[in-house]
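A short worksheet on the structure shown next.
Keep in mind the model is a prediction, meaning the values are calculated, not measured. Heavy-atom basis, side chains included; hydrogens, waters and symmetry copies ignored. In what follows, chains are A, B, ... by sequence order, proteins preceding strands, each numbered from 1.
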Amino acid sequence: MNDMEKTYNPEFEQRIYDFWLKGKFFESHPNPDKEPFTIMMPPPNITGQLHMGHALDQTLQDILTRFKRMSGYETLWLPGTDHASLATEVKIVNTLREQGISKEDLGRERFLEKAWEWKNKYGGRIVEQIKRLGSSCDWSKEAFTMDQNCSNAVQEAFIRYYKKKLIYRGDRMINWCPRCKTALSDAEVEYEEQQSNLWHYHYPFVDGSGYITIATTRPETMLGDTAVAVNPKDPRYKDKIGKMLKLPLTDREIPLIADDYCEMDFGTGAVKITPAHDPNDFEIGIRHNLPQIRVIADDGTMNENAGIYAGLDRLECRKRVVEDLKAQGYLEKIEPYAHKVGTCYRCHETVESIVSRQWFVKMKPLAEPAIKAVKTKKIEFIPKHFEKTYFNWMENIKDWCISRQLWWGHRIPAYYCDKCGEMYVAKSMPTQCKCGCTTFHQDEDALDTWFSSALWPFSTLGYPKKNKNLSYYYPTSVLVTGYDIIFFWVARMIFSGLEFMEDVPFNEVLIHGIVRDEKGRKMSKSLGNGIDPLELIDKYGADALRFSLTINIAPGSDTRFSKEKLESCRNFCNKLWNASRFVIMNIKKGDELDVIPSRLNVADKWILTRLNSVIKEVTINLNKYDFGVAAAKLYDFTWSEFCDWYIEVSKTSLYSNDENQRKHAISMLTYVLTTILKLLHPIIPFITEEIYSKYHKKGDAIMVQDWPSYNRKYIFHKEEKAFEDLIELVTSIRNTRASMNVVPSKKIHIQVLTADNNLFKKFEIYLDKLAGVESVKYLNSADEADKSAVALVTALAQVYIPMGELVDPAKEKERLEKELAQAEGDIAHSENLLNNPSFVQRAPQKVIDTEKAKLEAAQNKYKKIKEQLDALK
RNA sequence: GGAGGUUUAGCUCAGUUGGUCAGAGCACUUGCCUUACAAGCAAGGGGUCAUAGGUUCGAGCCCUAUAACCUCCACCA
């Protein structure tokens, strides 16, 4: 029966995963008799490599999925990947560049062929890596944001938005990445603090009446200035408003205008206005009807409007402009200044604000119901405080720029007449324009990746086609993700779901933190502090990694990864392995397994009561997504109660000559072990499945067993207390042995004075194994005790251990006095409370009762210790 | 400039509606190859729960300030 190795070795994980796949245990089908439980996996980028963030995200989702599956839900965890428009395109462009090819050389179609080639070759990597974690998702439904389903959904959504006038095309201020050469949404810009300068220089009035000094962080944009603005109330400039200024380094003249936007106390109070390259200036430009002069080209160099500076990179131009201003006497001072600069979230190049013709989603009408859905608790964030983050973003949202100057992605379904330029938004190219022309060209741009991700909860289920999956699984149950993509993704799924499905995409959003390194730093490529989960799995096993990511985490907070924690979890697996190995090696043919015998001893009743309590707590905590607590409870129960005490105690039965006792012990041990394995399964699926298979029918899978339920029938509070008293007694004896340096092999004899000899006799058989007690002599009174014995006072009994010369009366007296003092302290504490009238009046009866019981116990103990002390004298 | 979070043992973190809540793992000390496990067993040391007030019969837990650190959002040139 026992082919288990002595040390836990997770090499069986691959075999177990194959077993699950073969059994189709992960697959889900709409079942009207069951309630669905659905999770949509946040699709990792096809360019991605598994990192610790994925590992955490996957583990939590898998725990939920496995838990709900065992709890009787029709469980679907739908996996997939994201085409990651920008990230993938950059990757392919780089690969091509190494071969000396540019994407323009290749042309759109050939480029896309290459991209699909790349996707087919590498896009599955991350999926294989996810499988190594043990994720129990339904691979038969695996989706990709650019597969037919999702593309249909994207087209449908775009067209419906457009018809409702929620998508429009226009010239707006957008964020432009000069390296990626595409527009970016506001969410895709990351702000980084940079050390820069505030350059002060002046613009002279045309009429020769002096000059006005402005301060800027971006001198090169002055070439596109079309005004200088001051606050209308600013006394310094009040009478000069409307006058014309000469723009240095150019031959242009610009007006001095008044706008409330200008703060009087910042810089010089005067702001140069560049409507084509700054979002605020853009607004001011519109208010004052100023011309927009673009001076920066798409590639980040200065364009023809920059005169002699044309062709220079914008940063080079900055230097030259400053030099020239200085040479011509305009520059006044340069002040060091730290400010935040927007950078591209992919390549971290400084983004430029540029006025450009792009596609936008009108956000206000969409945000409103999305806010309401959370306010009315149709969607709940866990932890709740993330709702504030969500509201803050949604309430201040601006229109979403969705067009990208990329090829890899969903091409915008807009077509333009070759002759008159009339635009048609449709699923396919129109055949005839109203001008009569029959040739068209499609919009060159692709959509923001997040446009398709936003549809994920229903596009993966076949939307826009009405079908069984969609109606059964939507809305999904819970979305599990990190707080870093609340804006990118969660918020957008919410308004998209409400818009197209007329229902929320999920009922709950479980937000978890990020995995940091042992110093608390974010893991990042640039820091080089990333840890490869695959290496950890190779060395310690996926179960150990999963457990280490689960135990003691608090919802929503970041967690630090440490090797020590991982090792302790691996050790736990080893412990579980060996405890199981022990139980299994004692199973004999014909033994009844996994059943609770009809007659139970005190130890059985204790472990069953404890087990029931653990079932209850683990179930409650998993239901409220408190994985850290659930894992910790299981860790403690398995190790400190089942292994340390119950198994130890049951050895007495297993090794006895009484075959009935052995059978009884095996039934109980397998029952408790199997229950533990089930409870642990969602967290550490591989090892629990492997162990389960060792003593169950071939093909039986623990992953589809029923979740253990709390059973009131097996709650025995009296025996629970009695066994805990035994633990106290044994610990007390061990403590004495240790402090007296009695080697474990040396047996001792004890004398016992107890109120319940029968109860103690039930425990007597354990004492040899647990405390090295060879014989017990029952006393009728303390007087009969050996006078030179060490005396222990416990709830169960007074125990006298004759130690012969080993006992130093002085030391023994000291020990007893210490215990006496402690008992005195306890008594004083309780008495204080109970003598306090307001406590007795206001505290609940339950609290008062326990306090009274405490007092009584302490008084008892005090009395007995006192007797010992007196006897010593 | 707003918003949120964190602060508990040497380290990493748990502490559910205020009433055995002062805990776990690792580290540390001591003794053990006790026939499941040295990735182990047993015993132990170690914390004014950031600071100062307040509410309460009772406060890591609730309230108010303060400090330190972290994160997100925001157009101050």
Side-chain angles (χ1 to χ4, degrees), chain A residues 2 4 6-8 191 198 214-218 229 261-263 265-274 278-283 337 339-340 353 383 385-386 388-389 391-393 396 483-484 486-487 513-514 518 520 522 540 544 551-554 556-565 567-586 617 620-621 624 626 628-629 632 635-636 640 643-644 647-648 651 655 731 734-739 741-745 769-772 826 833 836-844 846-848 850-851 854:
Chain A
N2 189 24
M4 291 173 79
K6 191 171 162 181
T7 304
Y8 159 69
Y191 289 88
L198 203 50
I214 57 95
T216 182
T217 52
R218 304 185 55 202
Y261 161 74
C262 304
E263 308 266 338
D265 50 4
F266 185 88
T268 61
V271 189
K272 60 190 269 314
I273 302 298
T274 323
D278 182 277
N280 296 307
D281 295 5
F282 178 77
E283 297 295 327
Y337 187 69
H339 69 140
K340 297 220 168 167
S353 292
H385 69 254
F386 285 108
K388 266 202 169 140
T389 312
F391 288 137
N392 185 46
W393 191 73
N396 298 300
Y483 53 70
D484 45 339
I486 292 179
F487 307 136
I514 58 172
E518 66 284 342
K522 244 179 178 166
Y540 296 95
I551 194 159
N552 274 352
I553 58 164
S557 10
D558 293 348
T559 168
R560 283 188 206 202
F561 174 81
S562 75
K563 202 148 222 171
E564 287 72 31
K565 198 161 161 185
E567 270 171 15
S568 77
C569 290
R570 188 269 320 265
N571 294 353
F572 174 78
C573 289
N574 186 53
K575 187 77 183 176
L576 179 67
W577 181 263
N578 274 292
S580 307
R581 182 168 153 259
F582 170 77
V583 172
I584 291 166
M585 77 176 21
N586 282 292
E617 289 182 87
I620 287 174
N621 280 295
K624 61 178 193 183
D626 217 332
V629 174
Y635 183 103
D636 288 342
S640 312
C643 292
D644 287 352
I647 286 188
E648 288 310 314
K651 280 175 182 171
Y655 298 156
T731 306
R734 285 170 175 170
N735 183 344
T736 307
R737 294 184 58 122
S739 64
N741 293 323
V742 180
V743 291
S745 53
K769 175 80 199 143
L770 297 178
D826 290 347
L833 267 179
N836 182 342
S838 43
F839 171 78
V840 182
Q841 266 166 38
R842 303 188 195 208
K846 208 183 102 191
V847 176
I848 296 171
T850 51
E851 205 52 50
K854 261 164 73 179

Pairwise C1' distance, B:U17 and B:C13 [rounded to whole Å]: 23 Å

Atom of A:R737, atom of A:P744 and distance for their closest heavy-atom approach: NH2-O, 3.4 Å

Report each atom pair, protein N/O against N/O of nucleotides 1-5 of chain B, whose distance is under 3.5 angstrom.
from, atom 1, to, atom 2, distance (Å)
B:G4, OP1, A:K388, NZ, 3.1

Between B:G15 and B:A65 - P atom distance, rounded Å: 25 Å

Ring pair (Phe, Tyr, Trp, His ring centres under 6.0 Å) against A:H385, all qualifying residues, sequence neighbours excluded: none

B:C63 to B:G19 separation - P atoms, rounded to the nearest Å: 16 Å

Side chain of A:I647 - closest among B:A42, B:A36, B:C76: B:A36

For A:E648, side chain to side chain donor-acceptor pair (under 3.5 Å) partners two or more places apart: A:K651

With sequence neighbours excluded, residues passing salt bridge (charged side-chain N to carboxylate O under 4.0 Å, His left out) with A:R734: none

Qualifying residues under side chain to side chain donor-acceptor pair (under 3.5 Å), relative to A:N836, sequence neighbours excluded: A:S838

Sugar-phosphate, base or nothing in reach of A:Y337, heavy atoms under 4.0 Å: sugar-phosphate

Touch class at under 4.0 angstrom, heavy-atom based, for A:E648 against every strand present: base

Sugar-phosphate, base or nothing in reach of A:C569, heavy atoms under 4.0 Å: nothing

Closest nucleotide among B:A39, B:A36, B:A77 to the A:R581 side chain: B:A36

Sugar-phosphate only, base, or nothing, as touched by A:A554 at under 4.0 Å among non-hydrogen atoms: sugar-phosphate

Sugar-phosphate only, base, or nothing, as touched by A:C643 at under 4.0 Å among non-hydrogen atoms: base

Side-chain N or O of A:Y655 closer than 4.0 Å to phosphate OP1/OP2 of B:U34: no

Closest to side chain of A:N574, choosing from B:A36, B:C37, B:A43: B:C37

Table of protein N/O atoms under 3.5 Å from nucleotides 56-59 of chain B N/O atoms:
from, atom 1, to, atom 2, distance (Å)
B:C57, OP1, A:R842, NE, 3.1
B:C57, OP1, A:R842, NH1, 2.0
B:C57, OP1, A:R842, NH2, 3.3
B:C57, O4', A:S838, OG, 3.0
B:C57, O2', A:N836, ND2, 3.2

Sugar-phosphate only, base, or nothing, as touched by A:F487 at under 4.0 Å among non-hydrogen atoms: sugar-phosphate

Side-chain donor or acceptor of A:N578 paired with backbone N/O of A:N574 under 3.5 Å: yes

Touch class at under 4.0 angstrom, heavy-atom based, for A:G513 against every strand present: nothing

Gap in Å between the two P atoms, one belonging to B:C28 and one to B:A22, rounded: 28 Å

Any donor-acceptor N or O pair under 3.5 Å, side chains A:Y655, A:N586: no

For nucleotides 20-27 of chain B, list the nitrogen or oxygen atoms of the protein found under 3.5 Å from its nitrogen or oxygen atoms, one pair per line.
from, atom 1, to, atom 2, distance (Å)
B:G25, O2', A:S568, OG, 3.3

Involving RNA chain B, stems made of at least three consecutive Watson-Crick or G-U pairs, both distances under 3.5 Å: B:1-7 with B:67-73, B:10-13 with B:23-26, B:28-32 with B:40-44, B:50-54 with B:62-66

A:T731, nearest nucleotide to its side chain (from B:A43, B:C32, B:A36): B:A43

Touch class at under 4.0 angstrom, heavy-atom based, for A:D644 against every strand present: sugar-phosphate

Side chain to side chain donor-acceptor pair (under 3.5 Å) against A:E567, all qualifying residues, sequence neighbours excluded: A:Y540

Closest-nucleotide 5' rank along RNA chain B - winner of A:T559 and A:K624: A:T559

Between P of B:G15 and CD1 of A:I551, the distance in whole Å: 13 Å

Rounded interatomic separation in angstrom, taking CZ from A:F386 and P from B:C73: 13 Å

First of A:R218 and A:R570 reached from the 5' end of RNA chain B, by closest nucleotide: A:R570

Separation between the P atoms of B:U6 and B:U64, rounded to whole Å: 15 Å

Sugar-phosphate, base or nothing in reach of A:A215, heavy atoms under 4.0 Å: base

Length of the line joining A:F572:CZ and B:C37:C1', which is rounded to integer Å: 13 Å

Sugar-phosphate, base or nothing in reach of A:K651, heavy atoms under 4.0 Å: base

Pairwise C1' distance, B:C32 and B:A38 [rounded to whole Å]: 11 Å

Syn or anti conformation of B:G5, syn meaning chi within 90° of 0: anti

Shortest side-chain distance from A:E263, nucleotide among B:A77, B:C32, B:C37: B:A77

Integer angstrom distance from the C1' of B:U34 to that of B:A42: 10 Å

Short side-chain to backbone donor-acceptor contact, A:S557 and A:I553, under 3.5 Å: no

Residues forming a ring pair (Phe, Tyr, Trp, His ring centres under 6.0 Å) with A:Y8, sequence neighbours excluded: none

Touch class at under 4.0 angstrom, heavy-atom based, for A:P279 against every strand present: nothing

Minimum-distance nucleotide to A:K522 side chain [options: B:C75, B:A36, B:C72]: B:C72

B:C13 phosphate, OP1 or OP2, under 4.0 Å from A:R560 side-chain N/O: yes

Pairing residues for A:N392 by the side chain to side chain donor-acceptor pair (under 3.5 Å) criterion, not counting sequence neighbours: A:N396

Sugar-phosphate, base or nothing in reach of A:S739, heavy atoms under 4.0 Å: nothing

Residues A:T7, A:W577; criterion side chain to side chain contact (heavy atoms under 4.5 Å, CB included); working and verdict: CA-CA 8 Å; A:T7 304; A:W577 181 263; over 6 Å; no

P atoms of B:G2 and B:A74, separation to the nearest Å: 16 Å

Nearest heavy atoms of A:N280 and A:D278, plus distance in Å: N-OD1, 2.8 Å

Sugar-phosphate only, base, or nothing, as touched by A:K6 at under 4.0 Å among non-hydrogen atoms: sugar-phosphate

With A:K575 via salt bridge (charged side-chain N to carboxylate O under 4.0 Å, His left out) - residues at least two apart: none

Donor-acceptor under 3.5 Å (A:D626 side chain, A:N621 main chain): no

